[in-house]
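Letters go in sequence order (proteins before strands), and every chain restarts at 1.
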Amino acid sequence: MVAPIYRIGRRKASRRISAVIDRLNTSYKRHELAEISGSDPFRVLICGILSARAKDTQTAPVCRKLFELADNPASLLVIPKAKLKSIIRPIGFYNQKTDALRKTCRILVENYEGDVPETFEELVKLAGIGRKVANLVLSVAFGKDAICVDTHVHRITNRLGWVESNDVLDTEKQLMALVARRRWRTLNYVFVRHGQECCHPLSPWCSRCPIEKWCAKVAVTRCR
DNA sequence: AAAACGGGGGC
DNA sequence: GCCCCAGTTTT
């Protein structure tokens with residue numbers, strides 16, 4: 001166990017951050033949703049909407065099935081609403097997610113000629129897109145310097161002792177100041193994977209954790 | 001049985 | 001800021 005990063009020197013902190021991300025990156029080489037969506041803006045957007053409060057293992061098959069039927073907003077709108085619902089049902093929240101998908105696709109067709117807008121302000125105006133998904137799209141689809149903080153990133157970075165915060169937005173700000181920009185994109189994927197495989201909310205498997213020696217283990221049983 | 005799941009929207 | 005959404009898997 002190590003001291004939290006906000007209590008050690010800047011240079012040492014920066015080395016530790018690199019080490020952690022490198023190690024996670026080799027431990028979790030595959031990111032299923034990332035492989036499905038690639039960097040295609042429409043697909044990243046749809047994966048983002050569907051993945052809210054759902055597990056990757058559930059979301060991935062749904063995204064695959066959906067992209068077989070439609071890989072752009074116009075063709076998604078052709079799918080009957082009932083059919084769309086039945087596809088989304090397994091991951092829960094299917095009424096909201098179906099409506100959000102259709103509404104967003106209508107906006108894309110009507111206002112953006114079927115393309116996905118490239119600014120945060122425009123993205124969050126779409127249905128089913130909040131801060132997290134907007135940043136995901138900016139980062140993954142458009143290669144912009146956005147950092148995407150979800151509950152996994154929040155929980156893990158707090159446990160590691162990288163930031164000290166109860167608030168996701170605050171965690172996002174602290175991480176932007178702490179982590180090198182070129183790492184932002186991978187950070188989200190490796191932490192999500194790590195959160196699902198190992199660093200669970202209530203009982204993390206520290207004994208099989210690849211980065212345990214760099215973890216401050218702050219609030220291990222509390223952080224969500 | 002309960003908790004968890006890559007949040008977002010309406011109020 | 002609070003509460004709801006909803007079905008499936010894991011503990």
Inset, instruction - Verify whether the ring centers belonging to W162(A) and F191(A) lie closer than 6.0 Å. - result: yes

Inset, instruction - From the options T59(A), V133(A), I46(A), L136(A), select the one residue that forms a side-chain contact (heavy atoms from CB on, under 4.5 Å) with S51(A). - result: T59(A)

Legend entry - Gap between atoms CG and P, on L123(A) and dG8(B) respectively (whole Å): 11 Å

Inset, instruction - Report the relative orientation of the aromatic rings in H194(A) and Y28(A); use parallel for angles under 30°, tilted for 30 to 60°, perpendicular for over 60°. - result: tilted

Inset, instruction - Remember a base hit wins even if backbone is also touched, and classify L136(A) as base, sugar-phosphate or nothing at under 4.0 Å, heavy atoms. - result: base

Inset, instruction - Return the value, rounded to whole Å, for the distance between atom CD1 of I46(A) and atom P of dG8(B). - result: 14 Å

Legend entry - Phosphate-side-chain proximity, T151(A) and dG7(B), N/O vs OP1/OP2 below 4.0 Å: yes

Inset, instruction - Using whole Å, report how far CZ of R53(A) lies from P of dC4(C). - result: 15 Å

Inset, instruction - Verify the neighbour count for atom CD of E35(A): are there more than 12 heavy atoms of other residues, nucleotides or ligands below 6.0 Å? - result: yes

Legend entry - Out of dC5(B), dG7(B), dT8(C), whichever nucleotide has its closest atom nearest the side chain of Q58(A): dT8(C)

Legend entry - Rounded distance (Å) that lies between atom P of dT9(C) and atom CD of Q196(A): 15 Å

Inset, instruction - Take atom CG of L50(A) and atom P of dG8(B), then tell me their distance rounded to the nearest Å. - result: 12 Å

Legend entry - R43(A) to F67(A), cation-pi by 6.0 Å centre distance and 45° axis angle: yes

Inset, instruction - Considering just the side-chain nitrogens and oxygens of R131(A), establish if one lies under 4.0 Å of OP1 or OP2 belonging to dG9(B). - result: no

Inset, instruction - Give a yes-or-no answer on whether the side chains of E122(A) and Y112(A) include a donor-acceptor pair shorter than 3.5 Å. - result: yes

Legend entry - Euclidean distance, atom CG of residue L169(A) to atom P of dG7(B) [Å, nearest integer]: 16 Å

Legend entry - E172(A) CD - dG7(B) P separation (whole Å): 14 Å

Legend entry - Closest nucleotide among dA4(B), dT11(C), dG8(B) to the H200(A) side chain: dT11(C)

Inset, instruction - Select from L126(A) and C148(A) the residue whose nearest nucleotide in DNA chain B is closer to the 5' end of that strand. - result: C148(A)

Legend entry - Whole-angstrom distance between dA6(C) and dG10(B), as gauged at atom P: 14 Å

Inset, instruction - Decide whether V192(A) and L45(A) are clustered together by the hydrophobic rule: side chain heavy atoms of Ile, Leu, Val, Met, Phe, Trp, Tyr closer than 4.5 Å, transitively. - result: no

Inset, instruction - Pick base, sugar-phosphate or nothing for V133(A), based on heavy-atom distances below 4.0 Å to the nucleic acid. - result: sugar-phosphate

Inset, instruction - Can you tell me the distance, in whole Å, between the CD atom of E197(A) and the P atom of dT9(C)? - result: 17 Å

Legend entry - Along DNA chain B (nearest heavy atom to each residue), the more 5'-positioned of G128(A) and A54(A): A54(A)

Legend entry - Sub-4.0 Å heavy-atom contacts from residues 79-105 of chain A onto DNA chain B, ordered by number: F93(A)

